[in-house]
Asks: 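Let me begin by handing over the structure; questions about it come next.
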Amino acid sequence: DIGCHAVVDLMRAGARDIVDTTQANWQQTLSRRLEAGLAWRQSLARGQEVQVAALRAIAERSQGDQVTLQAELDVLRDQLEAERAVVAQTQSRLEIQRGLALSAVRAKAAFLSNISHEFNTPLSSIIGYCELLSDELEGEAAADIERIHATARLLANLVQTVLNLARIESGDIHPVFEAVAVNELLARTVGRLTQKARDNQVELVIEPFEVDAVVTDPLRLQEALTHVLENAIRFTNSGTVTLRILDNGQETLFVVSDDGIGMDEATLASVFDPFSAADTGEARIGGGSGLALAIANQLTRVLGGRMEAS
């Protein structure tokens with residue numbers, strides 16, 4: 001019995017040692033795990049704090065950028081408003097100047113219309129008396145009457161030409177578009193210039209063409225062509241004036257060429273300006289006023305076309 005109790009006591013002592021050791025190991029393990037868990041949580045917390053700080057910095061930076069962009073947008077908006085105000089003022093001034101210019105052009109047209117009437121009345125009388133006297137007088141007197149007659153007709157044509165230019169510039173010309181047979185249009189135009197071409201010993205040539213009809217105002221186109229052809233005949237002496245009609249599929253071209261005195265670069269630059277030839281010797285050579293091409297150019301614009309010279 002004593003021996004059995006001793007064994008039991010020893011076993012109990014050993015068991016207690018094992019339990020104590022196991023409990024100590026378990027406590028150490030649990031303590032280490034708690035420390036590791038606490039360290040992990042602290043690390044995670046620090047990481048989250050870093051992320052939060054980074055996000056806060058990004059948000060603050062974005063907010064700063066937004067404020068900067070808003071400020072720039074405000075500046076651009078103010079500049080745009082200022083530019084709009086300048087444009088509005090400029091447009092208003094242009095409208096006023098345009099109105100003044102149109103009023104001046106209309107006033108000039110009205111003045112020329114009135115003054116042309118004052119000129120045409122005595123000129124018509126002079127032309128009529130010259131025609132009556134030319135049948136009754138002979139010799140040197142008849143020659144003098146013919147010179148007076150020619151001068152009066154030239155002056156009457158000049159007055160009418162100036163009046164036509166003023167009407168075009170004032171916008172009083174309103175074209176009426178219709179289909180026009182080209183051969184009939186050219187027959188009427190050339191018929192009026194045949195005698196003038198003979199007087200200048202100029203051959204007026206119309207090259208064969210394949211254009212049957214054009215949509216235009218026949219009176220205005222005929223007037224423009226007459227001015228261009230007459231101008232070419234005036235500055236051509238014993239040469240040829242050629243008219244070609246071309247169709248490139250998009251527009252109809254009326255091309256006039258001549259063997260006349262030609263033009264330099266300075267003359268070409270102002271060839272369509274009113275009275276541009278009046279300051280040169282060419283006007284005296286041809287006897288023109290420098291209005292023919294200006295009127296032709298204006299009429300061409302009224303018809304929706306354009307003129308070029310080379």
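Below, each value reflects all heavy atoms present in this structure, side chains not excepted, and no hydrogens, waters or symmetry copies.
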Asks: Please, which pairs that meet salt bridge (charged side-chain N to carboxylate O under 4.0 Å, His left out) have at least one residue in residues 84-94, sequence neighbours excluded?
Replies: Glu81-Arg84
Asks: Which pair of non-hydrogen atoms, one from Lys196 and one from Ile233, has the smallest distance, and what is that distance?
Replies: O-CG2, 4.0 Å
Asks: Taking everything shown except Arg153 itself, do over 12 heavy atoms lie less than 6.0 Å from its CZ?
Replies: yes
Asks: Let me see the working for Thr242 and Asp258 under side chain to side chain contact (heavy atoms under 4.5 Å, CB included), right down to the final yes or no.
Replies: CA-CA 6 Å; Thr242 305; Asp258 61 71; over 6 Å; no
Asks: Within a 6.0 Å radius of atom CZ on Arg188, are there more than 12 heavy atoms belonging to other residues, nucleotides or ligands?
Replies: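 Atom CZ in Arg188 is crowded, with more than 12 foreign heavy atoms closer than 6.0 Å.
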Asks: Does a side-chain heavy-atom distance below 4.5 Å link Val182 with Asp212?
Replies: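 Sidechains of Asp212 and Val182: no contact.
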Asks: With side chain to side chain contact (heavy atoms under 4.5 Å, CB included) as the criterion, how do Leu243 and Leu186 come out once you've worked through the C-alpha distance, each side chain's angles and the decisive distance to 0.1 Å?
Replies: CA-CA 10 Å; Leu243 173 61; Leu186 295 182; 3.6 Å; yes
Asks: For Glu95, does the CD atom have more than 12 heavy-atom neighbours from other residues, nucleotides or ligands under 6.0 Å away?
Replies: yes
Asks: Which pair of heavy atoms, one from Leu123 and one from Ala152, lies closest together, and at what distance?
Replies: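 Looks like CD2-O, 4.1 Å.
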Asks: One pair to check against side chain to side chain contact (heavy atoms under 4.5 Å, CB included): Arg220 and Gln298. What are the steps and the verdict?
Replies: CA-CA 10 Å; Arg220 306 307 175 193; Gln298 294 285 358; over 6 Å; no
Asks: Less than 4.5 Å apart, side chain to side chain, heavy atoms only: is that true for His149 and Ser134?
Replies: no
Asks: When rounded to the nearest 0.5 angstrom, what distance separates OG1 in Thr236 from CG in Asn231?
Replies: 9.0 Å
Asks: Return the CG to CG distance between Leu133 and Asp144, rounded to the nearest 0.5 Å.
Replies: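 With rounding to 0.5 Å, CG (Leu133) is 11.5 Å from CG (Asp144).
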Asks: Write down the atom of Val202, the atom of Ser238, and the distance for their closest heavy-atom approach.
Replies: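 Nearest pair, atom of Val202 first, then Ser238: CG2-N, 4.3 Å.
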Asks: Is there a side-chain contact between Glu223 and Leu219 in this structure, where contact means two heavy atoms from C-beta onward sitting under 4.5 Å apart?
Replies: no
Asks: To the nearest 0.5 Å, tell me how far Arg198 CZ sits from Glu203 CD.
Replies: 11.5 Å
Asks: Quick check: do Leu229 and Val241 have side-chain heavy atoms less than 4.5 Å from each other?
Replies: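 Heavy-atom side-chain distance check passes, below 4.5 Å.
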Asks: Give, for atom CD1 of Ile126 and atom CD1 of Ile145, the distance between the pair rounded to the nearest 0.5 Å.
Replies: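 The CD1 atom of Ile126 sits 10.5 Å away from the CD1 atom of Ile145.
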Asks: Quick one: OG1 on Thr300 to CD on Glu308, what's the gap to the nearest 0.5 Å?
Replies: 11.0 Å
Asks: Shortest non-hydrogen contact from Ile148 to Cys130?
Replies: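 Between these two residues, the closest heavy atoms are CG2-SG, 3.5 Å.
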Asks: Given the rule that I, L, V, M, F, W and Y join up when any side-chain heavy atoms are under 4.5 Å apart, are Val190 and Val211 in one cluster?
Replies: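 Yes, same cluster.
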Asks: Does the distance from a Lys or Arg side-chain N to an Asp or Glu carboxylate O, for Glu72 and Arg77, drop under 4.0 Å?
Replies: no
Asks: Out of Val180, Leu185, Asp217, which one pairs with Gln222 under the side-chain contact (heavy atoms from CB on, under 4.5 Å) rule?
Replies: Leu185
Asks: Keeping Asp247 on the side-chain end and Thr252 on the backbone end, is there a donor-acceptor pair under 3.5 Å?
Replies: no
Asks: With the 4.5 Å side-chain cut-off for hydrophobic clustering, are Leu225 and Phe177 part of the same group?
Replies: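 Same hydrophobic cluster.
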Asks: Between Phe209 and Arg244, is there a side-chain heavy-atom distance shorter than 4.5 Å?
Replies: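 Sidechains of Phe209 and Arg244: no contact.
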Asks: Once rounded to the nearest 0.5 Å, what's the spacing between atom CD of Glu230 and atom CG of Leu293?
Replies: 10.5 Å
Asks: Would a hydrophobic clustering, with Ile, Leu, Val, Met, Phe, Trp and Tyr connected at side-chain separations under 4.5 Å, put Leu100 with Leu94?
Replies: no
Asks: Val215, Leu253: one ILVMFWY side-chain cluster at the under-4.5 Å cut-off?
Replies: no
Asks: Using side-chain contact (heavy atoms from CB on, under 4.5 Å) as the criterion, point out the one residue from Thr226, Leu303, Thr189, Leu299 that pairs with Leu221.
Replies: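 Exactly one candidate clears the test, Leu303.
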Asks: Return the minimal non-hydrogen interatomic distance between Ala309 and Phe272, and the atom names on each side.
Replies: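 Closest approach of Ala309 to Phe272: CB-CZ, 4.0 Å.
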Asks: Locate the shortest heavy-atom distance separating His227 from Ala296; write the atom from each residue and the value.
Replies: CB-CB, 4.1 Å
